[in-house]
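I'd like to ask some things about the structure below.
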Amino acid sequence: MKLGDFIKINHVKDFSINGKCSMCGECCGAILPVSEKEIKRIKKYVVEHNIKINVNPINTLSEKMIDLTCPFRNNKERKCDIYEVRPKICRSFICNLKNIDNIDRINRIYKTVNMRKIFEVYK
């Protein structure tokens, strides 16, 4: 199933403001299609800027809970800590559904990874 079809079927809510990202963070997840090149670029940026991954406070209540929020989503400041080097999927997606074909293409090209697992060493 294409992501675009999934979004339409599951009625993803449009949180955009006048067609632009509202920075709400609802789409910021840990499971993303990302290229090896993007991972290397993000790792370099994280080291150069001394960025630590963010932990969702809800998930600190139990070791059994899996945190599926993006490790670089800064909820306190409502921003992405790696915005300058964020993956293509993040640059392409906006919840108003206008760019679904591009998102489906990215999903076909890149391997889907768990960003928390890859970047857990940056706690």
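The first residue of the sequence shown is numbered 1, and numbering continues consecutively from there.
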Could you note down all residue pairs passing side chain to side chain donor-acceptor pair (under 3.5 Å) where residues 77-87 supplies at least one of them, sequence neighbours left out?
Tyr45-Glu84, Asn54-Asp81, Asn74-Asp81, Tyr83-Arg86

Heavy atoms only: give me the nearest Ala30-Asp67 pair and the separation to one decimal.
CB-O, 4.3 Å

Ile31 vs Val113, side chain to side chain contact (heavy atoms under 4.5 Å, CB included): CA-CA, chis, key distance, verdict
CA-CA 6 Å; Ile31 311 299; Val113 300; over 6 Å; no

Enumerate the residue pairs fulfilling salt bridge (Lys or Arg N to Asp or Glu O under 4.0 Å) with a member in residues 39-49, sequence neighbours excluded, ordered by first and then second residue.
Lys44-Glu48

In terms of heavy-atom contacts, Arg73 and Cys28 come closest through CD-SG, 3.8 Å

Distance-minimising heavy-atom pair for Leu32 and Cys90
CD1-SG, 4.1 Å

Does Arg116 use its side chain to pair, donor to acceptor, with the backbone of Leu68 at less than 3.5 Å?
no

Which heavy atom of Tyr110 sits nearest to which heavy atom of Ser35, and what is that distance?
CE2-CB, 3.3 Å

Report yes if the side chains of Val34 and Lys111 come closer than 4.5 Å at any heavy-atom pair, otherwise no.
no

Mind checking whether Ile42 and Met115 have side chains closer than 4.5 Å, heavy atoms only?
yes

